[in-house]
Each structure stands twice: as structure tokens, then as C-alpha cells.
K.L.:
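My structure is below; once you've seen it, I'll send some questions.
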Amino acid sequence: MLDDAGETSYSLQDQSNINAVWASLIVEECSRLGIMYFCVAPGSRSSPLAIAASTHPLTTCISCFDERSLAFHAVGYSKGSHKPAVIITSSGTAVSNLLPAVVEASQDFVPLLLLTADRPPELLDAGANQAINQVNHFGSFVRFTFSLPAPTDNIPARMVLTTIDSAVHWATSLPYGPVHINCPFREPLDDSSDNWMLSCLKGLDIWMSGAEPFTKYIQLQNSLACKDGACVPMAEVLEIIKGTDRGLLLLGAIHTEDEIWAALILAKHLNWPVVADILSGLRLRKLLPSLPEIEENVLFVDHLDHALLSEWVRGWIRFDVIVQIGSRITSKRVSQMMEECFPCTYILVDNHPCRHDPSHFVTHRVQCSIRQFADSLMKAQFSHRNSKWCCFLRVLNTMVAWDISFQINAENSLTEPHVAHVITEALSAESALFVGNSMVIRDADMYGHNCKTHAHSIAHMMLDSKLPYLGIRVAGNRGASGIDGLLSTAIGFAVGCNKQVLCLVGDVSMLHDTNGLAILTQRVSRKPMRILVINNHGGAIFSLLPIADKTDPRILDQYFYTSHRISIHKLCAAHSVRHLRVKTKVQLQEALLKFEHEKTDCVIEVESGIGANSTFHSTLRKSAQQAADHALSILSRLSVRVSISDGLFLCKIHKMDFSLYRIQLCAPPTSSSVDHHQNEFHREGYILSVSLEDGSVGYGEVAPLEIHKENLADVEEQLLFLLHVIKGIKINVSLPILKGSFTSWIWSNLGIMECSIFPSVRCGLEMAVLNAIAVSQGSSFISMLQPWMINEEIYEKSSVKICALIDSNGTPTEVAYIASSLVEEGFTAIKLKVARRADPIQDATVICKVRKEVGPCIELRADANRKWTYEEAIQFGFLVKDCDLQYIEEPVENVDDIVKFCEETGLPAALDETIDNFQESHLKMLAKYTHPGIVAVVIKPSVVGGFEKAALIARWAQKHGKMAVVSAAFESGLGLSTYILFSYYLEQLNAVYTVMNRETRPSIAHGLGTYRWLKQDVTAIPLGIHYDPCKGFVGASVAASIQLLQNFQVNNNVIHKTFNEEQVHRYHLTVNSKNFSYSIKVHEVGQESNDNVVIFLHGFLGTGEDWVPIMKAISRSAKCISIDLPGHGGSKIQNHGSEGAQEEATLSIEIVADVLYKLIQGITPFKVTLVGYSMGARIALHMALRLSHKIDGAVIISGSPGLKDTMARKIRQAKDDSRADFLVAYGLELFLDSWYAGELWKSLRSHPHFKEIVAGRLVHEDVQSLAKALSGLSTGSQLPLWEDLKRCDLPLLLIVGEKDAKFKSIAQKMFHEVVQDRKGEDRRGNNICEILEVPNCGHAVHLENPLPIISAMRKFLTRGRSSRAQQ
């Protein structure tokens, strides 16, 4: 204790009786041992201990009337803090109530100190009240037990201290666990005075004057390598690990952040596949964009459990060496797999000496900490393995993960797996998770997933004395795995770990520990908790066990499910705990976010049901099994190569070309507004050819429709960009699986964001790449997608049902005649375009006439293309109610009214334009349309963005029992053939759903009737669409479509132009300025004769090469020139003054502008358009405002007119001078590390090409000149241009990244300065300055998301040309 003077001292003389003396000694010694947390149960016999604990100035005490809950709370505290908690109870059954928690602590190696009050010896076995035998009460479940004598001054008091010291040493030594000290007390039990002899304190003078424990236990660290031969030396373990080709790192429970880091570093060093248990902290890892190499170099196989549902996978997967870190694995299937791998080398690493080997196959048992084991292995070198087998594992895991995610997200209702799937999103670096037992921990282990977090860079976090947080600390009671005491343990864990804890438990577990709510209300030094209770009204886990299939439902319900109707809400209300019930996904998300930031505890109850939970788990298992089979069937058929740097790939792309085609149509497209009295109609688009290094060529079609917000000019630019970036790219082995692999490949390999590539371009690219893969593998498009069903005989007999299309122009009789003619040809499904007439009554008349003419057996569809108001659609709907329409596509202009239309009319509807307008998160958007009245989804691959997205939408439709109808957008035979095969693929998927759900679904007529519009085609090979008498409908032959694609030859008669990659011409131009000669490196793309010249200026550390992809994309409309600015890249500065002159070159915005002005004069006599980024943007802006007679306009990307404030300029100049000195002193490589650690590059660091971008910054030949550029071209040395902006007469396009808050603000201010006095001044006044905010990128817009810039620049240049022409 501390006296008034603040000096350390401890006094016992003032204690009123010997009981108080001993109790005070016990509590004080605990505090000196660092044990400050006391869990006190009420009771008379324990009064001395309770008083001593509660009055000690350094202790924290908590109480509860339920000893069982209190003991579990202590277990939780010890788990969280890694320090023992003290439990104080009275005598009798109060002690017995501790047993469940003691068992858990013993089995899970959790240190606890049990202080149980007792009757004195003379009252035992004598019939005294509340007196039982408490000696050895916990048997083998405690590491140490001792029964103190009743307090007496005849025994030296130091015996009490050594007993506590010994007990705590046992508790905190391996194997950790609970210890029990029984404490008998005679009366008086209160503070009544009772004389005692001070002589019992003999020998405690030094102890009382200090603050150290009486006995200090000193333990030397044991070496990993045993010398006496009793255990296997680590050298042998190292050799085993070095020698294996198929190793597995299995991560069990990990308890501290340091251990999580050690395990992660070990995984990266070993480069083995890693299976991380939910309790490892790495199952729910949050990956920093600043550490992408962790995810790249560590193969986390998070979904091995569900992959093992596949018999094929179980037979294929074998490990030679398994290293398990930590004990106990949650997944039973993973444990069974390890048994199947036996005999193999199985190395178990844990710091306790106990045998955790239920299958009896551990061959090497290493007793040490994770950090020690990692340290020992880090000293050894392991060869970098990126075997075909590991790559197969990666693809397998990715595909199963995608499928699980799809099923969970596509399910409209809130399910228990969904809760497990999204909990990571509710956790931050300041959070921890406590997960209960039974079903919730299994769901978390099976369906929990990692996610990326957007934290600061490592360097920035280090400066803030923080570590980049990769693991989420997860705890649970897996010692004995009981469902008792879980809530209380979680609350104790929250106190111990000092984090905001999210607790996930089931309803039965909650009911088993409702007294934990009494502890929850005691907010003792604890952050608020969110308690997520999965309430399925019983023990749902039994519904997933074999017993559920073999037991009477009545018995199951009463004796296994223990179904209940208890109100958790009322339980919470009784304890004054906030409660919220959620029934939907949105409600759950809102609740988790809401209470993350509030300062109060909350119980969030998730409504569920045993039957629905069992059904959905069954769906997940079946789907995951099929996904695993699908992935392996594709991988096993492909001829693949392995690269150390890139893993598994099929082939490299040699080049891509494309050609503009123009073919004649028989009639205008139904979507066209063309005058129907025209005699000729045409369709234009592009044919892509992707050539692989092995000589294989695949073709694709890009045919945008103007109504879909794309045009040929837009598409052409993106294709020109692709010509450049796609060359040499490896084709990922997982692309044919169509489960997110294309999206990932386009981003990680091409650096193109999903939101930026036009849907038609992506569709054509996917088509060409898949067809190229098929040719390379000697296969076909359809065989690539469904390798499990490769049978040429089946293909020969298979066809895809076609729905005919009628434009509906003409009288009802004329339209009915056309329909009857189509029926005579063999069509059994017809779609009619409606909403083209003045009145919906007229359309209804046409439908009624057609139905009467074709009879009741023909499937009739109507397509309104969103052209009716709700009232008009209702009018039409009631008039055709008896026409038995299969569905009406998009009947209303407002998509929010479509469900209401179905409900009011009773007519089925289909989605078309609605899904076309989805940009991202298709499943989230589709969730609004699960209504049974919406019976179909019409999917145009070229409009939704390719086959991968189309397959996702189709799977959603099939999952919800809706028709997935593939529709063409008037493509040529090339596109139609691919759509036919894709339709066939979807039909096979539909058959799988039919089997899974035990349903009967009729074949679907796909919207490919546009083939009838083709008067010409891009190939001479016929499509093979005809009446099939065996099937009784007009269908497209699968075999004929395969043949067309395999033997595709371009009809050159319809090709109007062919595009190849533009070549870059690189040369040097010399410019003299002020006694210096500047040799400027120039990069030129485009036609020499083009008078429309665009000059590109890079930012600091960049070169002209940065602009080459963008330059190639717009090179058809302008001659594009980028330069290496002075001090950068290949440009050089030389002194050409008088002989002997020692003048050094200096750089400034004015000097560089003068050099560029002279350079431009030598290039062209005409005005030029400037495009500048960052530093280059400031130069471009200076020239546009000060040298406007030579400049036609400027595109300013992430640029600034400078700093207005003089002091701010001085500060910035000093910073840049210091950086320049650092660059010269320490070299370019270290400077780059420092430069790109800044906040400005946060978004760029997450770009997949970030490493390559930084590596490209090492090309600068003259570091001294580069440093001069940094200092001389600093915003600190630049005079501000804000006033000049007010007088700007040149068109300006200001481009900023969505995530670049600083420069977004600057751009807004620049815009205001330019336009504030110009409104209404002239036609150009309002358009002289524009702002473009590019989505999903930061400062380096042109590198992070170039496609929107390309489109914006072309439009800017076009407007400039139009303006000059008008003038």
C-alpha cells in the first residue's frame, strides 16, 4: 500500500483480527505479483477476503450472485489479459459451482487463482451448515491445490505469502492453468476486534517496506534443441521441412498479437499453403493495401473444409508434412483429411507439454512458443516453391470461396452463414471477437472471410507508434467446448483485452448463461460490447448431424433441439440491457455499424429457424462441392505452365488486333430510331483477335448499341488502349471458371478497374480470350466452361431453343400473320415489341390478335423497354390478362414500380434494362427483385459486361427459380455462336439446380432471334439454326456453333478498317536556353501529318513513358508527344556558356516553360493542347495562362495554381529542399521508399502495378538534376497563378481523383476563379472550364484509372476542334 507521502510501505499492525491479517496478506501479495482483478461472490465465510480485495487501492473488483457465471467471467479476463484473475467464493456448493469454469481453464491452459473460503476443520464432517469437503475439490483439473490452516498467530504469516507465490508460479508456468487455495476462517468474519500477536509478522520487515513479492521465481529459457536425446533436435525438424514438396501449415488457436504476427511471418517464409482456424486470428485477417505481398506470398486455403466435401478433392489432396501451430482445430473435415494423409510427418508446435493428438499421428512434438519456433525457422533458407499443385490449391480455394460468397449474398433472407460471413466487416483494429460454441463457431470457421482495410502506410503507422494490424484477435472456450458460461467469459475477455468485443453466441448458450447479463451491467474498466445472439429457438446443430435423418421429429424437438419460446428481449429488459432484434441483412448491417460507435452495450438478436438453417447449410454444402468438382475438372484438363513470379498460367498473349466491320441488315434493329422507310440498314462493330504465343488465335466481337451509352468512338479508344497493355500478359488458369476470375485478371494484370471498361469491350475481350484458350487447349468454348460434360455425341444432338422476335409494326392482323408464319417455321416462343404505339390499348389489341392466331401452346412474351408509365402499363396489363403471356419485359418506366405492377395485374414480368444499368454489386441490386411475380431475367452479355457477369446474374435467377434468358443485341454470327454455347452452358447449370432442389424446370427459349436480321455476316460459315423435328422447335445447333468458332474466318468484304498497335518513336531534341543546352527525350505516337498536337507533361519522378498507353488510345485523333522533363528520365542539361564557366543549371517553372515553348515551336507551327499531371500540370497551367498564344487548351490532372500564402510557400520550399538533399545524400532507391510512403499515394499503393510503377522511377540518369527539379519546381518556388485564372480565355479540363480530397478542393476553387464572372458572357463562357472527378482513384489518376481520362480527353479535343472551326 502507499502511505500519505507516496512512499512504498505496507502496514498490518492496524488490522482488527488475524483473519483480516491473512486476507490482507493474500490480496497484497497478489497485487505484487501483478494480479489485480478480483471476482468476488457474495458470502459470509469469505468476508475477510472480500473486504481485503475491495479496500485495496490497486485492485479492481467485480461481483455476481452466480458463482458459475463469475468463474467464467474470470476465465474470460485471463484469456484477454494473459494474467490470472482471482475468484473469491464462500464455502459449500458455491465452490462446486466453479467446477465448469475450472475445467475449461484447465483444458485450455488459462491461469486462475481460486480462493475458496471454508469452515475450520472442527466444523467439517460434523453436520455444520454449508460445510463440505473442499480439499482437492477440483481434482486433476487444477495445477496446484493447498488448504491453508485457519488463520492463527501461531504460524508465521510469511507462510501465507509463500503459498500465494507458489500457487501463482504454478498457474503461470507451463502448462498454465487454475490453482486452488482453500481458506478456512473462524469467526469473527467481520472487522470485529480480536487481539493477535505481532510476532507472527516476524521476518516481514523488508517485505512490508518494499513492493516486491516475497518469493521471486526465476525460470531460465529452455533451448529448442534437446541435448540429452530425450526429444528430437530441431535440426531434424528443419531438414524434414526443407525436404518436402507438399507441406501444410495449420494454424490453431493463437492468443496474442505478437503470436499472430509470428505465425504470419512464418507462413510467408515457408511459402506453404496455410489453413487458419477461426481462433488463429488470421482467418478473419484484414490485409493492408500497403502489404499486398503478404497475400501474394502466403497461400491461405480458407475454404478447405468445404472443398473437402468433394470426393474428387479428398482423393487428390495429399500432404507429406503437416506443421500445426497451436492445439485443436475446429473443422472436423480438415481433421479427417489429416488422418487420410497419414502416414506422413506431423509436427505439432505448442508451448504446453500435454498430448493433443486425438488421432494419434503426431510424429514430432515441439514444445515452444510460436515466436520461438518461427525464429528458429527464419534462420533457415527454404527454396521458393510455387508448384503446380499449390497453384491448383489456390484456384480451388478461390472458386469455392466465390461460390460460398455467391450463395450467401444471393440468398435474400438473413441466414446464420451470412452472419458469420459479414462479422469481419464489423471488426476494426480496436476490436476483438469472442465466438461461442456449437453452431456459431463452426459457421464462423466455415464462412468467415478476410477483407482488405484501408489503413495508412506502414511508415506512417510506425511514425504514429502503431503497428499495421493484420490479425483480428479471436477467442472462444474450446478447452471443454461447452455452451455454459459463454456470455460471462466474453464479458471477462472484453475487460482483459481492453478492446471493443463483438460476442457471437447461440440462443441456447445465451439462455444457459443469462446471469452473465448481471455482470454486463457492471461497466468496470471495459469498452462497450456488441453481443450477437443467433436465435433459432433451439439447438440447431443437431439438425445438421446424422441423427436428424434417423430420429423421430418429436423426439428431436424435445430432447435434442430443446425448442423454446423464451423472449431474449424481455431477459435483456429485466437486466436493463439494450436490445435490438434484426430480421434482414440490412437491419443487421445497420445495427452493427450503429453500435460500433455508441458508448453502450447492446444485445443484437438475429432471428433464425432450425429448418431454414438446415436447408441453407445443405445448399451451401452441395454448391461448394460442385464448385470444387468444377474447378478441379477444368484444372485437370488444362495444359498449364508454372511461373515463380506469376504462378499458374496457360499461355502469354502475343498480341491483339481488331477490325471495324459493317454488315447489312434486313431491317433496322428493334432498338433503333432509324426511319423504317430506308432501303438499307447496317450494323457496325469490331472483331477482336487475340493471338497467343503458341500461335492460337481467338476471336471476339465488340458491338455497342448507342442506346446502351456506348458508341464506336468510345469503344475504339478502349480497344486501342488494350492493344498496348495486353501484350505479353499471362492468361490465368482460372479464367474459364467464370467466378470472379476475369474481374480479378483484368484488374491485377491489365490494371483496368471493373467500373471503367465498357461492357461491350469486356464482353468482346472475354469472348476472344476464352476462344483463344479453347483453341490453345484443342477444345471448344463450351468444353472450357463445362469440362465435366465433354461428349461430342451429346453436342451433336443438342440445340438451344430460340425465341423469335417481332418488331410489331403494322396492323394487328399483319403482326398476327407474321407470328403465325413463325409458328409454321417451327418457333414455339415469340417475343413482340410493344409500347411503340400511341396507346397501350392498341398494343393490347395486337397481343390478343396474335394469341388468337397462334393458339394456346405458343410461349408469348412482350417487351415494353420501360416506355410505359405505371398507369399505361396497368391498362395494358388488364387488357391482356387472358392472353397467357409468359412475361412482360420492363413494363414500367420507373423500375421501382415493377413489383407493384406484378401484384396489381397478376401478370409475370421480366428484368432487362434494369440489370443493364447495374454498375457493381449485382447481387445486392438483384436482391430487390426476388418477388415471385418477376419470373425471368433477360441477359445481354454485351450490355451487362461479359460472360462472367452474365453467368453471375443467371445463377442468381436460377437460384431463385427464375428463367435466365440470354439475349442478343443484334451481333453478328460470331457473337451469336458464342451466345448459343453460353446459353447451352446455362441450361446445364439450370439442370444442376433442378436436381439440387428436386424441381422440374422446362427448357428456356433464348432471345437469339436477331439472327433473322442478318443480311450479311462477318463469316461465311452458317449459324446452324433450324427446326429440330425431334425436339419440336427451332433451335441453334450446339455442334454447328462449336464448328463456327473453331473454324472462324473473317469475311474481309465487310471489314472497313484494321487496327494494329501504334509504334512509339523515341528521339532527342536539343533546346538552348540561357547558357544551357537541354537534350530533351521525346516520345511520339500518331500520324506525322496530324496538325492536332497534344503535349503530355509528367509529374515529379515520372517520365514520358507514363503517358504511352493513353497516347496510343487517342493517337487516331491527335499526334501525341510526351517528353522527359529536364532532370528526369533520358533528358540532360549541359552548360554551353563560355569556356571555363562554372555556372550550375537551375530549374524553375519559368525556365522549363521557356524550354518547352521553344521545343513546341520546333515541333509544330500550330497551337498545341497541353496535358499535365501534378508538377507537369503546374507547368501546363503556367504556359496556358502566360504563353496562351501557343496553347489551344490544357488538361490539368491533379494540378494546382500554387500557394497564395507567402509563409506557406517558404515552408514548402524548405521541405522540398530538405527532400532534395536527402535524394542526393541517400540515393534514388531509398528516396522512393520514403516518397511513396506519403499519404498522397495511399490509393496508388493499392494498385496492382504499384511495384512496377515504382521500379520505373529508377530510370533517371541524373540524380543531381532530379534533385534540382524537386527543389526548383517546388510549389514553394512557384509564383501563384490564382489571379491569372480570372483572365483565362483557354478551355481548361480539371481532372481529379475521387479519393484525392486535397486536389478535389483545389479544383473546385480553380473552377470558381475561372467561371465566376463569365456566366452568360458568350457561348464558350460556361464551358471554358470543366471538372472531371474520376472514380475509385487518388492523386495519380492517369496511372490508377486511365480509361475515363482517355474518353474525357477525346471529347475535350473534339470540342476544341469544333470551336476552332466555328471561329
K.L.:
Just how far is it from atom OG1 of Thr514 to atom NE2 of His575, taken to the nearest 0.5 Å?
P.N.:
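If we round to the nearest 0.5 Å, Thr514:OG1 and His575:NE2 are 5.5 Å apart.
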
K.L.:
How far apart are the C-alpha atoms of Ser359 and Glu339, what are their side-chain angles, what is the distance that settles it, and do they pass the side-chain hydrogen bond (donor to acceptor under 3.5 Å, both in side chains) test?
P.N.:
CA-CA 7 Å; Ser359 298; Glu339 289 188 34; 2.8 Å; yes

K.L.:
Could you tell me if Asp305 and Ser331 have a donor-acceptor pair between their side chains, going purely by distance under 3.5 Å?
P.N.:
yes

K.L.:
Would you compute the distance between atom OG of Ser369 and atom CG of Asp350 and round it to the nearest 0.5 angstrom?
P.N.:
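Spacing of OG (Ser369) from CG (Asp350) equals 10.0 Å.
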
K.L.:
Between Val606 and Val533, is any pair of side-chain heavy atoms under 4.5 Å apart?
P.N.:
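Counting from C-beta outward, Val606 and Val533 never come under 4.5 Å.
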
K.L.:
Take a 6.0 Å sphere around CD of Glu311 and say whether it holds more than 12 heavy atoms from other residues, nucleotides or ligands.
P.N.:
no

K.L.:
Can you check whether Tyr176 and His82 have ring centres sitting under 6.0 Å from each other?
P.N.:
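Centroid separation for Tyr176 and His82: 6.0 Å or greater.
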
K.L.:
So, Arg955 and Asp403, do they make that salt bridge, N to O below 4.0 Å?
P.N.:
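Salt bridge between Arg955 and Asp403, a charged N being under 4.0 Å from a carboxylate O: yes.
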
K.L.:
Considering only NZ, NE, NH1 and NH2 on the basic side and carboxylate oxygens on the acidic side, decide whether Asp108 and Lys79 come within less than 4.0 Å.
P.N.:
yes

K.L.:
Given His356, which partner from the list Phe109, Tyr346, Phe361 fulfils the ring-ring contact (aromatic ring centres under 6.0 Å, His included) test?
P.N.:
Phe109

K.L.:
Might you confirm whether atom NZ of Lys83 has over 12 heavy atoms from other residues, nucleotides or ligands at distances under 6.0 Å?
P.N.:
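Not buried by this count: 12 neighbours or fewer within 6.0 Å.
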
K.L.:
Identify the residue among Met529, Glu430, Arg530, Arg526 that makes a side-chain contact (heavy atoms from CB on, under 4.5 Å) with Gln500.
P.N.:
Arg530

K.L.:
Between Phe616 and His418, is the ring centroid distance below 6.0 Å?
P.N.:
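No, the ring of Phe616 stays outside the 6.0 Å limit from the ring of His418, centre to centre.
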
K.L.:
Going from CD on Gln407 to CD on Glu411, what distance comes out if it is rounded to the nearest 0.5 angstrom?
P.N.:
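Result: 8.5 Å between the selected atoms.
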
K.L.:
Using a strict cut-off of less than 4.0 Å between a Lys/Arg side-chain nitrogen and an Asp/Glu carboxylate oxygen, indicate whether Arg285 and Asp302 qualify as a salt bridge.
P.N.:
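Salt bridge flag = yes for Asp302 with Arg285.
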
K.L.:
Inspect the contact between Glu605 and Arg581 and indicate whether a charged nitrogen and a carboxylate oxygen are less than 4.0 angstrom apart.
P.N.:
yes

K.L.:
If you measure only the distance, is there a donor-acceptor pair under 3.5 Å linking the side chains of His537 and His564?
P.N.:
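There is no such pair (donor and acceptor under 3.5 Å, judged by atom type) between the side chains of His537 and His564.
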
K.L.:
Distance check, rounded to the nearest 0.5 Å: Asp445 atom CG versus Leu279 atom CG?
P.N.:
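These two atoms lie 8.0 Å from each other.
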
